[in-house]
Amino acid sequence: MQAVVFAGPSLPQRFRPDSDVLMWRPPARRGDLHELNLEPTIKVVLVDGYLIQQHPPSPTEVFELIARGHEVWGCSSLGALRAAELRNHGMRGFGWVYDRVVDRTITYDDELVATLDPRTNEATGLFLANIRFGLDQLIAAGRANQSQAQLLINDLRTVHFEQRTRHLCGSLATSAGLNASAVDHLLATDVKRQDATALVRHLTTSALAQ
């Protein structure tokens with residue numbers, strides 16, 4: 001098994017496993033999937049794609065890839081969005097972000113984007129999806145309640161994604177009643193990377209088992 005993986009800030013290069021079965025590509029833009037000339041046995045993993053500066057691959061473009069015989073997976077960011085849209089048409093979704101798009105907890109694209117460092121393509125701002133996941137963990141552990149979580153989400157939703165910094169989120173979380181330890185946990189959460197890492201591990205493990 002081999003797989004082409006379109007990834008960017010959800011799975012920065014320094015976190016990517018070194019594997020002979022993975023072919024890494026930058027975030028997908030309109031036309032990238034259409035231009036793939038691969039054997040149908042090669043899987044395609046859509047993690048990241050352009051959502052703001054350029055046009056992303058359309059659902060039609062993804063569906064055409066599936067129609068050509070490729071197994072197409074999506075997670076974490078644009079991949080989760082496209083997998084949710086095409087879940088009844090052959091695309092496979094994976095992970096927490098995908099599940100939250102499907103159940104419509106995440107309904108806005110801007111929860112999956114953040115400001116990036118142009119040199120490394122890594123996020124310098126915070127992804128609201130990561131904050132949602134961190135709050136779910138804190139609630140499950142009894143370290144935050146639903147009211148505090150909803151207050152923080154509402155406050156962050158009123159802020160443009162480019163202004164969602166660690167400092168602002170920490171300040172708003174403290175104002176919502178979270179203690180310092182809970183705030184630290186929240187700011188360290190990265191479910192987008194967790195989903196992408198788990199999907200890549202799943203596919204490479206499956207390949208080794210074949």
Side-chain angles (χ1 to χ4, degrees), residues 3-19 22-33 43-58 61-62 72-85 91 93-101 105-137 153 156-157 159-170 184-204:
V4 172
V5 186
F6 290 90
S10 295
L11 189 58
Q13 188 167 359
R14 59 196 175 99
F15 295 108
R16 297 173 191 173
D18 185 15
S19 171
L22 301 174
M23 296 175 281
W24 296 97
R25 298 289 187 272
R29 66 192 77 193
R30 183 73 52 86
D32 283 351
L33 302 185
K43 304 179 192 298
V44 177
V45 181
L46 184 58
V47 179
D48 289 305
Y50 285 92
L51 287 167
I52 303 297
Q53 298 95 339
Q54 301 185 47
H55 293 296
S58 67
E61 189 176 345
V62 179
V72 183
W73 290 79
C75 70
S76 301
S77 188
L78 176 68
L81 296 176
R82 290 293 179 262
E85 292 165 335
M91 189 170 180
F94 185 95
W96 185 89
V97 175
Y98 166 75
D99 289 338
R100 298 293 77 77
V101 175
T105 298
I106 295 176
T107 57
Y108 296 96
D109 294 359
D110 78 329
E111 297 207 19
L112 304 173
V113 297
T115 52
L116 304 179
D117 184 330
R119 300 166 299 174
T120 64
N121 206 32
E122 294 192 26
T124 56
L126 290 178
F127 295 103
L128 186 50
N130 285 340
I131 300 303
R132 283 191 185 275
F133 179 75
L135 287 168
D136 281 357
Q137 289 184 312
I153 291 295
L156 288 172
R157 280 233 47 85
V159 179
H160 189 271
F161 79 88
E162 292 180 341
Q163 275 72 56
R164 291 177 190 152
T165 63
R166 295 176 60 84
H167 176 76
L168 177 63
C169 182
D184 288 343
H185 173 84
L186 199 61
L187 296 179
T189 299
D190 194 345
V191 71
K192 284 161 60 71
R193 189 175 79 220
Q194 177 179 308
D195 284 357
T197 300
L199 176 54
V200 168
R201 184 185 305 117
H202 168 73
L203 293 175
T204 53

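Sequence positions, counted from 1, serve as the residue numbers for this chain. Here the structure is a predicted model, which is why all the values come from computation and not from measurement.
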What distance do [X] atom [atom1] and [Y] atom [atom2] have between them, rounded to the nearest 0.5 Å?
X: Leu46; Y: Leu33; atom1: CG; atom2: CG; value: 6.0 Å
X: Gln163; Y: Leu168; atom1: CD; atom2: CG; value: 8.5 Å
X: Asp32; Y: Gln54; atom1: CG; atom2: CD; value: 9.0 Å
X: Phe15; Y: Ser10; atom1: CZ; atom2: OG; value: 12.0 Å

Holding to salt bridge (Lys or Arg N to Asp or Glu O under 4.0 Å), I want the full list of residues that pass it with [X], two or more places apart in sequence or in another chain.
X: Glu122; result: Arg14
X: Arg25; result: none
X: Glu61; result: none

Residue [X] excluded, over 12 heavy atoms near [atom1] under 6.0 Å:
X: His167; atom1: NE2; answer: no
X: Tyr108; atom1: OH; answer: no
X: Glu162; atom1: CD; answer: yes

Heavy-atom distance under 4.5 Å between the side chains of [X] and [Y], does that happen here?
X: Leu51; Y: Pro27; value: no
X: Asp48; Y: Ser76; value: no
X: Thr120; Y: Pro12; value: no
X: Leu203; Y: Val200; value: no
X: Leu128; Y: Phe161; value: no
X: Cys75; Y: Tyr98; value: no
X: Met91; Y: Arg82; value: yes
X: Ile131; Y: Leu156; value: yes

Sequence-distant partners of Thr115, side-chain hydrogen bond (donor to acceptor under 3.5 Å, both in side chains), two or more places apart: Thr124

Polar side-chain atom of [X] near backbone of [Y] as donor-acceptor pair, under 3.5 Å:
X: Thr105; Y: Val101; value: no
X: Asp195; Y: Lys192; value: no
X: Arg201; Y: Pro17; value: no
X: Arg16; Y: Leu11; value: yes
X: Arg166; Y: Leu187; value: yes
X: Asn130; Y: Val191; value: yes

Set of residues satisfying ring-ring contact (aromatic ring centres under 6.0 Å, His included) with respect to Phe133, sequence neighbours excluded: Trp96

Pairs where residues 106-117 contributes a residue and the test salt bridge (charged side-chain N to carboxylate O under 4.0 Å, His left out) is met, not counting sequence neighbours: Asp110-Arg157, Asp110-Arg164, Glu111-Arg132, Glu111-Arg157, Asp117-Arg119

Worked verdict on Thr165 versus Leu126 for side chain to side chain contact (heavy atoms under 4.5 Å, CB included): CA-CA 6 Å; Thr165 63; Leu126 290 178; over 6 Å; no

Test side chain to side chain contact (heavy atoms under 4.5 Å, CB included) applied to Leu78 and Phe6, step by step: CA-CA 10 Å; Leu78 176 68; Phe6 290 90; over 6 Å; no

For Phe94 against Leu199, the heavy-atom pair lying closest together: CE2-N, 3.4 Å

Ala123 versus Pro9, closest heavy-atom pair with distance: N-CB, 4.3 Å

